[in-house]
*Asks:* 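Mind having a look at this structure? Questions to follow.
For ligands, and for the atoms within them, numbers begin at 1 and follow the listed sequence. Note that the coordinates shown come from a computational prediction; the quantities given were computed from them, not determined experimentally. Excluded from the calculations below are hydrogen atoms, water molecules and symmetry mates; all remaining heavy atoms, backbone and side chain alike, are included.
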Amino acid sequence: MEHKPIFVTPAQDAARRQAMEEFRALPDRPKSYFIVTYGCQMNAHDSEKLAGILDQMGMQEVPDRREADFVLFNTCCVRDNAERRALGNVNWLKELRKDNPALLIGVCGCMVQQPVMAQRMLKQYRFVDLAFGTHNLHELPQMLLKQVKEKRRVVEVSNEENLICENLPVKRLNDWHAFITIMYGCNNFCSYCVVPYVRGRERSRRMADILREAQELKQAGVQEIMLLGQNVNSYGNGSDNGETFPELLRQLDKLDVPRLRFMTSHPKDLSDELIEVMATGKHITNQLHLPAQSGNDDILMQMNRRYTREDYLRKVEKLRRAIPDIGLTTDLIVSFPGETEAQFQDTLSLVREVGYDSAFTFIYSPREGTKAAQMPGRIPEEESSRRIGLLIKEVEASTARVHEAMVGKTENVLVESISKRDNTQVSGKGTRGITITMDGTEADIGKIIPVSITSAAVNTLRGERIER
Ligand code: SAH
Ligand code: SF4
């Protein structure tokens with residue numbers, strides 16, 4: 001059951017705006033910023049909000065952290081290596097302080113929200129000037145103002161886990177693609193995962209607010225909207241006003257933005273109604289990220305995923321029946337505590353059976369405070385390396401089969417970038433989410449171009465423009 005969100009009040013919005021004004025008027029304030037982002041797309045979108053706020057505070061984003069007066073690390077703690085990379089880079093920044101003593105260093109996001117980690121980091125890294133958790137993002141103006149005025153470290157980590165802040169400025173990475181967060185937090189408590197502890201309780205934005213944001217994006221010419229949430233399928237769960245995920249998709253589809261994507265979907269909540277909306281919607285792309293995590297029932301149970309391999313495969317079958325050319329992608333974990341060789345083999349065979357377009361593959365990483373961190377049967381590093389190596393090979397073989405089968409088909413490509421090595425080549429994604437490369441120029445970026453797929457490689461497909 002979803003928790004009732006607590007919306008940031010107009011008075012709190014006014015306090016934020018006032019702090020922004022006061023900050024802008026300070027004679028000796030930081031003038032430029034650089035944000036370093038780790039982790040998932042939710043974090044990438046949070047950074048777009050942070051940038052939007054900093055712009056409104058009269059600061060300018062610079063392309064190199066060495067030129068910035070304020071460097072902010074938006075951290076991730078979902079796995080150990082994300083943490084280590086962030087800490088390494090924060091430490092490296094200490095060197096920059098030697099050249100620029102006025103440099104302000106900030107750390108925010110999931111790592112700061114985790115009490116043990118935050119304490120450890122703040123003690124070890126005395127040079128960090130500002131630290132705030134995931135529930136304090138909207139208070140950045142007040143925190144920065146305080147830091148600059150009082151010239152002392154400011155730390156804010158709220159435990160208000162049900163908060164939703166509308167009306168924040170967003171500085172989008174580009175003008176043809178946009179993220180919209182539809183729900184925050186997670187109530188699933190998969191036994192390995194720290195997200196529910198650092199992102200708070202599951203809560204959904206009001207449908208009217210989402211539709212308004214999408215409408216504005218449409219008017220701005222956005223070609224693709226990506227809806228974000230830890231478990232988008234449970235959008236509106238428990239609401240008594242019909243605000244469900246399938247209904248939200250139906251409404252968004254009517255806006256006629258060319259492409260609608262969403263992630264992440266939890267298999268347990270993938271309903272027949274959602275499959276039907278995906279199949280009938282005009283703009284919902286034929287792609288679904290459906291994290292399986294494991295192909296073995298005992299491991300799935302210990303992970304607290306609340307579906308079996310059979311349940312998962314049945315849903316895949318339903319999806320394929322409704323949307324024959326759907327591309328499926330997934331997340332998989334090897335070396336969950338106590339995972340046997342046979343259980344690991346079940347994950348390999350799941351990859352073969354489903355035939356994923358691609359997959360994110362992870363070695364289990366124990367997270368403090370989670371249930372799995374207490375479980376016996378830690379798998380040695382060497383064995384984990386072997387397993388992840390085999391899994392990656394299996395996924396690559398699956399990708400290769402999918403790519404081969406695409407040759408000769410037509411796809412609409414939303415061009416995203418021009419090749420750094422060869423400026424006659426551009427690449428982008430088809431509706432199925434696979435990267436396609438073709439001849440083109442800078443002017444193609446942000447446009448949807450029909451192509452015929454001419455050849456396949458492991459990481460990309462090659463296409464040739466077709467005249468319509
Ligand atoms: N809410 C999404 C994704 C959350 S985190 C979902 O439920 O699918 C993204 C991925 O990181 C997860 O799908 C999982 O595969 C991986 N992950 C999370 N915690 C992990 C851990 N402790 N060790 C290894 N991988 C982990
Ligand atoms: Fe983590 Fe599970 Fe929630 Fe995904 S659904 S964020 S894996 S607890």
*Asks:* Checking F262 now: which residues fulfil ring pair (Phe, Tyr, Trp, His ring centres under 6.0 Å) with it, not counting sequence neighbours?
*Replies:* F245

*Asks:* Would you mind checking if E161 and R199 are paired as a salt bridge, meaning a charged N to carboxylate O distance below 4.0 Å?
*Replies:* no

*Asks:* Please give me the protein atoms (N, O or S only) lying under 2.8 Å from atom 2 (Fe) of ligand 2, ordered by chain and number.
*Replies:*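 The answer is C190 SG.
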
*Asks:* For the residue pair N304 and S191, confirm or rule out a side-chain donor-acceptor distance under 3.5 Å.
*Replies:*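 Side chains of N304 and S191: no pair found under 3.5 Å.
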
*Asks:* Counting distance only, does the side-chain N/O of E213 pair as donor-acceptor with the main-chain N or O of I180 below 3.5 Å?
*Replies:* no

*Asks:* Considering only heavy atoms, which protein residues lie less than 4.0 Å from any atom of ligand 1?
*Replies:*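 Those residues closer than 4.0 Å to ligand 1 by some heavy atom are V78, R79, Y192, Q230, T264, P291, Q293, R305, D331, I333, F362, I363, Y364, S365, R367.
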
*Asks:* Looking only at protein heavy atoms, which one is nearest to atom 7 (S) of ligand 2, and how far off is it?
*Replies:*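 Here the nearest protein heavy atom works out to Y192 OH, 3.4 Å.
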
*Asks:* Mind checking what makes salt bridge (charged side-chain N to carboxylate O under 4.0 Å, His left out) contact with K420, not counting sequence neighbours?
*Replies:* none

*Asks:* With a 4.0 Å cut-off, would you call R16 and E139 a salt bridge?
*Replies:*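 Salt bridge between R16 and E139, a charged N being under 4.0 Å from a carboxylate O: no.
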
*Asks:* Is the distance between the ring centroids of Y197 and F189 under 6.0 Å?
*Replies:*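 Ring centres of Y197 and F189 closer than 6.0 Å.
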
*Asks:* Kindly determine whether D256 and H283 satisfy side-chain hydrogen bond (donor to acceptor under 3.5 Å, both in side chains), including the steps that lead there.
*Replies:* CA-CA 7 Å; D256 281 337; H283 305 288; 2.6 Å; yes

*Asks:* Is N187 reaching over with its side chain to a backbone N or O of E202, donor-acceptor style, under 3.5 angstrom?
*Replies:* yes

*Asks:* Does a salt bridge link R401 with E404, judged by any charged N lying under 4.0 Å from a carboxylate O?
*Replies:*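 Judged by the 4.0 Å cut-off on N to carboxylate O distance, R401 and E404 do not form a salt bridge.
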
